[in-house]
Amino acid sequence: CAGACADAIARLRAVLEPELDEKGMRRLFDEVEMPLVSVLARMELNGVAVDTGALREMSESLTMEIRRIEEDIYASVGHDFNIGSPIQLSQILFEELHLPKTRRLKTGAYSTDQQSLEGLRGLHEIIDHIYVYRELTKLKSTYLDTLPFLVHPQTRRIHTEFNQTGAATGRLASSNPNLMNIPVRTELGEQIRRAFIARDVGPDPMLLAADYSQIELRIVAHMTEDSGLVEAFQNDDDIHAATAARVFNVPIEEVTANMRRRAKVFNFGVLYGLSDYGLSVREKISREEAGEFIRTYFEKYPGMQRYVSETIQRVREYGYVETLFGRRRYIPEIHSTNFNVRNAAERAAVNMPVQGTAADIIKIAMNRLDAEMQRRNMRSLMILQVHDELIFECPGEELEEMRKLCLDIMPRSLAMKVPLKIDTKTGRNWGEMQYGEATGVEEFAAT
DNA sequence: GAAGTCACG
DNA sequence: ACGTACGTGACTTCC
Ligand SMILES: [Mg+2]
């Protein structure tokens, strides 16, 4: 290909390069994406160290546990079947056991996904078994039995591929293996994370994780200038508790755990274009109640309402939306005659500027961090990015310098009406990280 | 290769 | 073009 490819690329350039200027993405391209290419290359080469022995041990013990659960499931049904086949499982649950039917899939079977099983809890012992079976087999097949084979024989590390051009919002993607979806939410997930270790970077190797706290909501606060959101972040309030206080009309001290949990659902839901129907299903409330919550939310945060309406208007008029740095996403589906497709396009349009601006921000930080690490001849390695967080492998004696560097550089990617807050954690592995220093309001006042 | 499912932010 | 919350990648089943 070499010759033909080079020739094709040269001719493509003649067509594509002018588009960068026409579309206002020249600076994004020259100053963010192009410098990032080599940063990502270094990260891929750096790789991450993994304790394959630990993964193999976990896999083995899971094999036995999964076998026990299979036996339980077959016993309660009365015969064997392939639990991994959603079609067979649907047949068992809804035809043989006569459990109440869930939503219908396009294949004619009924859904057995987590949300559907949730509604069947308590109706039959098999439901909890399937739930656990799913968790264990998922983690075993995707991580425990796969990662050990992806360890490079020379480096003894796992080298992911970062795709810089795959995601429509400007996010990165990771594959072969995907290291952006390593488990964390369950106990077993955390155990898997413990197999990702600091090892080859010098004496007393440590991992450092630095993440943007609530970056998407802070970006929305900045974009909408909604006074409620802006003030909450300027005060460094717990944003979900602050939202609960507003929506449920109570003082913030009287916000209960459940009110806060709901407010969190609202805050995230609004970024994704949640409907009254979606909220009613998730919160197990009536559609009317859900609609009322959404109305109240927008009343309390009128800037949010404005942002959603104006973004949809804009994508209808121009056919695209963009981030604060001018990254564009064209969404032609906004003109679809199909109601569902059109609504999906509206939700994507509302979300992209927020998700995309967060992606722009962390990319800028990665470039600046990489440059400064080189300038200082540091031995620390940038090894992973997971959308709002960066992971470094550091010699122990460099750990605090690296942490300080993150706390200094990451908040300054973009000056906003609210601070960009950074949390940091450190540990010998990715599963046992201890919170450390974070940025505070003082740093913001200084910027 | 599509469908269903589920891991992450 | 869709399962009425956005963005991904990977696994198993089944045709
Ligand atoms: Mg975070």
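The sequence lines fix the lettering, A, B, ..., with proteins before strands; numbering per chain opens at 1. Everything numeric here is computed off the predicted structure, so don't read it as measured data.
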Can you measure [X] atom [atom1] to [N] atom [atom2] for me and round it to whole angstrom units?
X: Ile312(A); N: dC6(C); atom1: CD1; atom2: P; value: 12 Å
X: Glu333(A); N: dG7(C); atom1: CD; atom2: C1'; value: 14 Å
X: Asn338(A); N: dC2(C); atom1: CG; atom2: P; value: 9 Å
X: Asn82(A); N: dC11(C); atom1: CG; atom2: C1'; value: 13 Å
X: Phe81(A); N: dT13(C); atom1: CZ; atom2: P; value: 12 Å
X: Tyr297(A); N: dA5(C); atom1: OH; atom2: P; value: 16 Å
X: Gln88(A); N: dT13(C); atom1: CD; atom2: P; value: 9 Å
X: Asp145(A); N: dA10(C); atom1: CG; atom2: C1'; value: 14 Å

(request) Would you confirm whether the ring centroid of Tyr297(A) sits within less than 6.0 angstrom of the ring centroid of Phe293(A)? (result)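 Ring-ring flag for Phe293(A)/Tyr297(A): false, centres at least 6.0 Å apart.
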(request) For residues His129(A) and Tyr74(A), establish whether the separation of their ring centroids is below 6.0 Å. (result)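 Centroid distance His129(A)-Tyr74(A): not below 6.0 Å, so no.
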(message) Using the P atom as the point on both nucleotides, what is the distance between dT4(C) and dG9(B), in whole Å?
(response)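 One P to the other, the span is 25 Å.
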(message) Suppose you measure atom P in dG7(C) against the same atom in dC2(C); what distance do you get, rounded to whole Å?
(response)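 Straight-line distance between the two P atoms is 11 Å.
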(message) Just to be sure I understand the geometry, which residues of residues 159-170 of chain A put a non-hydrogen atom under 4.0 Å away from DNA chain B?
(response)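 Those residues: none at all.
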(message) Using a 6.0 Å cut-off, check whether atom CD of Glu161(A) has over 12 heavy atoms from anything other than its own residue.
(response)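 More than 12 heavy atoms, drawn from other residues, nucleotides or ligands, come within 6.0 Å of this atom.
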(request) Flag yes if more than 12 heavy atoms outside Tyr277(A) fall under 6.0 Å of its OH atom; otherwise flag no. (result)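 Incorrect, the count does not exceed 12.
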(message) So if I define the base as every atom that isn't primed, P, OP1 or OP2, how would nucleotides 4-9 of chain B read as a B/S/- string at a heavy-atom cutoff under 4.0 Å?
(response) SSBBBB
(message) Quick check: on DNA chain C, is the nucleotide nearest Asn340(A) upstream (toward 5') of the one nearest Gly84(A), or the reverse? Name the residue that is more 5'.
(response)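 In this pair, the answer is Asn340(A).
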(message) Go nucleotide by nucleotide along DNA chain C from the 5' end; which of Ser175(A) and Asp276(A) gets its closest nucleotide reached first?
(response)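 Here Asp276(A) is the residue nearer the 5' end.
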(message) For a side chain to side chain contact (heavy atoms under 4.5 Å, CB included) check, start with the C-alpha distance between Met304(A) and Phe298(A), then their side-chain angles and the critical distance, and finish with the verdict.
(response) CA-CA 6 Å; Met304(A) 280 282 215; Phe298(A) 282 136; 3.9 Å; yes
Note, [X] side chain near [Y] side chain (heavy atom, < 4.5 Å):
X: Leu40(A); Y: Met366(A); value: yes
X: Leu274(A); Y: Phe266(A); value: no
X: Glu65(A); Y: Leu136(A); value: yes

(request) Select base, sugar-phosphate, or nothing to describe what Gly269(A) touches, counting heavy atoms under 4.0 Å on all strands. (result)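 The residue Gly269(A) makes base contact.
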(message) Under 3.5 Å, is there any donor-acceptor pair linking the side chain of Ser85(A) to the base of dT13(C)?
(response)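 Such a pair does not exist between side chain and base.
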(message) Side-chain N or O of Arg342(A) versus OP1/OP2 of dC2(C): is the shortest distance under 4.0 Å?
(response)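 It does not, given that no N or O in the side chain of Arg342(A) lies less than 4.0 Å from OP1 or OP2 of dC2(C).
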(message) Using 0.5 Å steps for rounding, measure from the CE atom of Met402(A) to the CZ atom of Phe392(A).
(response)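 Reported value, rounded in 0.5 Å steps: 4.0 Å.
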(request) Please round to the nearest 0.5 Å and tell me the distance separating atom OG of Ser59(A) and atom CG of Leu139(A). (result)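 If we round to the nearest 0.5 Å, Ser59(A):OG and Leu139(A):CG are 11.0 Å apart.
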(message) Given dT4(C), dA5(C), dC11(C), identify the nucleotide with an atom nearest to the side chain of Tyr277(A).
(response)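 Nearest nucleotide to the side chain: dT4(C).
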(message) Expected output check: what is the dot-bracket annotation of DNA chain C, where ( ) and [ ] are pairs inside the strand (brackets for crossing ones), | is paired with another strand, and pairs are Watson-Crick or G-U under 3.5 Å?
(response) .....|||||||||.
(message) Determine whether a donor-acceptor pair (N or O, by modelled atom type, separation under 3.5 Å) exists between the side chain of Thr112(A) and the backbone of Ser90(A).
(response)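 Looks like no, no N/O pair under 3.5 Å.
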(request) Give a yes or no on whether the backbone of Ala438(A) and the side-chain of Asp423(A) come within a donor-acceptor separation of less than 3.5 Å. (result)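 Between the backbone of Ala438(A) and the side chain of Asp423(A) there is no qualifying donor-acceptor contact (under 3.5 Å).
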